[in-house]
Amino acid sequence: MNFARNSFILNVGGARYSFSEDVIKDFPLRRVSRLHNCSSEKDVLEVCDDYDQESNEYFFDRHSEAFGFIMMYVKYGKLRFVPQMCELSFYNEMIYWGLESSNLEYCCQRRLDDRMSDTYTYLSDESKPDESTNKDEVKESPGDKKWLERMRLTFEEPTSSLAAQILAVVSILFVIVSMVVLCASTLPDWKTAENRSVEEHRIIEAICIGWFTAECIVRFIVSKNKCEFVKRPLNIIDLLAITPYYVSVLMTALTGENPQLQRAGVTLRVLRMMRIFWVIKLARHFIGLQTLGLTLKRCYREMVMLLVFICVAMAIFGALAQLLEHGLDLETKNEDYSSIPAACWWVIISMTTVGYGDMYPISVPGRILGGLCVVSGIVLLALPITFIYHSFVQCYHELKFKSARYGRTLSNEYLN
């Protein structure tokens, strides 16, 4: 077939561009330059979507505005995202025309990397295939698979159905009751009342533990991947919250019912306080706590950077404060700054709060150093907070979108 090579017309989403043969031959976009080497209609249709032989016009069913920005890159050498267009969609257009992410400006490269990282983190748990899960699904019948999926959503997603919401409310009530009993047991008046109503509070505690244990066992049974279930942080916290009760019951059975012997056991008191992990169970039912956990997971680098800033400042200001307040041979030595670790305590409370007032510099150089320490703390803490804040907002919107998706499932259940 004879192709006219004098003028090439590109029609991208309705926008027409005309180029000469020499320009097409060395065109920066690989897909466009491939047109010069096409020798048949089949070769042409492998490059574009349609072709008009009479006008030598090549049709591409692509985003016209995105191609306009790509043409600006061809002309001026700078490539940026189209406003109000998804970064991933524009990146797909770039790949189609033969560009890479390295062709983007640095600011746009960061936006694309953040978006791709967040999308992978958000979708990996849901869309990543698992071999063990596939093996289990092959063995299960469609009816059993559907029933297990509904049970899993009921226990894992509080907004997936009406039953899931009722279950979440009951679980929250048990958490609140258990925390009230745990906190009240440390009051002085509770010690006196405990001798008279010891059976009542033990029954309440046993009921709460029984509920948490049954909930954990059911969730383990209906989970898709048992190994993945055990590795999840919230499930580990559930195990840490439930295990101390059974260990304390076992130790009580072994040591007897002597109250003095039980109080003398430091291990029992530590195990009892470990039940404070029950409050973290609320993260299953509140987006705010889930957002906090996801933000800490994604911003661990920023958190480490924040700790490094604080440690460096503690080392510098702690050594200087100890030198100015105690190390120099002065008539009045400040004994509160007798060592660098003691001075570091003053540094950390001055940088992060307004200080407790338990120790403070008394010399003029020490007070000047204290002012610098407070100002430096404000600056050093503010630098990484911006990144953590933006990640928190993004995590919140992602989890809210996920919750709304299950909310639509709940609405369909009401309608049906």
May I ask you to test the [X]-[Y] pair for a side-chain heavy-atom distance under 4.5 Å?
| X | Y | answer |
| --- | --- | --- |
| Asn235 | Arg219 | yes |
| Glu335 | His326 | yes |
| Met351 | Val374 | no |
| Arg232 | Glu228 | yes |
| Phe69 | Pro83 | yes |
| Thr213 | Tyr246 | yes |
| Glu57 | Arg16 | yes |
| Met314 | Ile310 | yes |

Q: If the plane angle is over 60° it's perpendicular, under 30° parallel, otherwise tilted; pick one for Phe212 and Phe174.
A: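 The rings of Phe212 and Phe174 stand perpendicular, inter-plane angle above 60°.
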Let me confirm one number: the [atom1]-[atom2] distance from [X] to [Y], rounded to the nearest 0.5 Å.
| X | Y | atom1 | atom2 | value |
| --- | --- | --- | --- | --- |
| Asp52 | Ile9 | CG | CD1 | 8.5 Å |
| Arg298 | Ser391 | CZ | OG | 6.0 Å |
| Asp43 | Cys48 | CG | SG | 10.5 Å |
| Ile95 | Arg30 | CD1 | CZ | 10.0 Å |
| Ser363 | Leu369 | OG | CG | 9.0 Å |
| Leu79 | Met94 | CG | CE | 5.0 Å |

Q.
The test is side-chain contact (heavy atoms from CB on, under 4.5 Å); show your working for Ile316 and Val347 and say whether it passes.
A. CA-CA 9 Å; Ile316 295 175; Val347 172; over 6 Å; no
Of all the heavy-atom pairs spanning [X] and [Y], show the shortest one and how long it is.
| X | Y | value |
| --- | --- | --- |
| Asp336 | Met359 | O-CE, 3.2 Å |
| Ala321 | Ala343 | CB-CB, 4.2 Å |
| Ser350 | Cys373 | CB-SG, 4.2 Å |
| Cys216 | Ile242 | CB-CD1, 4.2 Å |
| Asn92 | Arg62 | O-NH2, 4.1 Å |
| Ile221 | Lys226 | O-NZ, 3.5 Å |

Q: Check for a donor-acceptor pair, side chain of Thr352 on one end and backbone N or O of Ile348 on the other, with a separation under 3.5 Å.
A: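 Checked: pair present.
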Q.
Between Asp49 and Asp61 (side chain of the first, backbone of the second, donor and acceptor by atom type, cut-off under 3.5 Å), is there such a pair?
A.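 Yes; at least one donor-acceptor contact below 3.5 Å.
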With a 3.5 Å cut-off and sequence neighbours excluded, list the donor-acceptor pairs that the side chains of residues 380-387 form with protein atoms.
none

Q.
Tell me if the aromatic rings of Tyr58 and Phe8 count as close, with their centers under 6.0 Å from one another.
A.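 Yes, the ring centres sit under 6.0 Å apart.
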**Q.** CA sep, side-chain torsions, deciding dist, call: Glu325, Ile362, side-chain contact (heavy atoms from CB on, under 4.5 Å)
**A.** CA-CA 7 Å; Glu325 291 294 315; Ile362 58 177; 3.5 Å; yes
Q: Please lay out, stage by stage, how Ile24 and Ser20 fare under the test side-chain contact (heavy atoms from CB on, under 4.5 Å).
A: CA-CA 6 Å; Ile24 290 292; Ser20 63; over 6 Å; no
Q: For Trp346 and Asp358, test the side chains for any donor-to-acceptor distance below 3.5 angstrom and give the result as yes or no.
A: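 Side chains of Trp346 and Asp358: no pair found under 3.5 Å.
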Q. For Tyr17, does the OH atom have more than 12 heavy-atom neighbours from other residues, nucleotides or ligands under 6.0 Å away?
A.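 Correct, the count exceeds 12.
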Q | Within 6.0 angstrom of Tyr396 OH, more than 12 heavy atoms from elsewhere | A |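 Atom OH in Tyr396 is not crowded, with 12 or fewer foreign heavy atoms closer than 6.0 Å.
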Q: Could I get the full list of ring-ring contact (aromatic ring centres under 6.0 Å, His included) partners for Phe220, not counting sequence neighbours?
A: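 Scan of Phe220 (ring-ring contact (aromatic ring centres under 6.0 Å, His included), adjacent residues dropped) gives Phe229.
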Q: With side-chain contact (heavy atoms from CB on, under 4.5 Å) as the test, would you mind laying out the steps for Leu10 and Leu35 before giving the verdict?
A: CA-CA 10 Å; Leu10 306 183; Leu35 292 173; 3.7 Å; yes
Q: Provide the full list of side-chain hydrogen bond (donor to acceptor under 3.5 Å, both in side chains) pairs with a residue in residues 102-112, sequence neighbours left out, each pair given once.
A: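 Checked against side-chain hydrogen bond (donor to acceptor under 3.5 Å, both in side chains) - neighbours excluded - the pairs reaching residues 102-112 are Tyr73-Asn103, Glu87-Arg111.
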Q: May I have all residue pairs that pass ring pair (Phe, Tyr, Trp, His ring centres under 6.0 Å) and include part of residues 360-385, sequence neighbours excluded?
A: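 Output for this query is empty, none listed.
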(Q) Give me each pair satisfying ring pair (Phe, Tyr, Trp, His ring centres under 6.0 Å) with a member in residues 79-100, each pair once, sequence neighbours excluded. (A)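 Of all non-adjacent pairs touching residues 79-100, those that pass ring pair (Phe, Tyr, Trp, His ring centres under 6.0 Å) are Phe60-Trp97, Phe67-Trp97, Phe81-Phe90.
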Q | Listed partners of Cys86 passing side chain to side chain contact (heavy atoms under 4.5 Å, CB included), at least two apart | A |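 Side chain to side chain contact (heavy atoms under 4.5 Å, CB included) list for Cys86, sorted by chain: Leu88, Ser89, Arg115.
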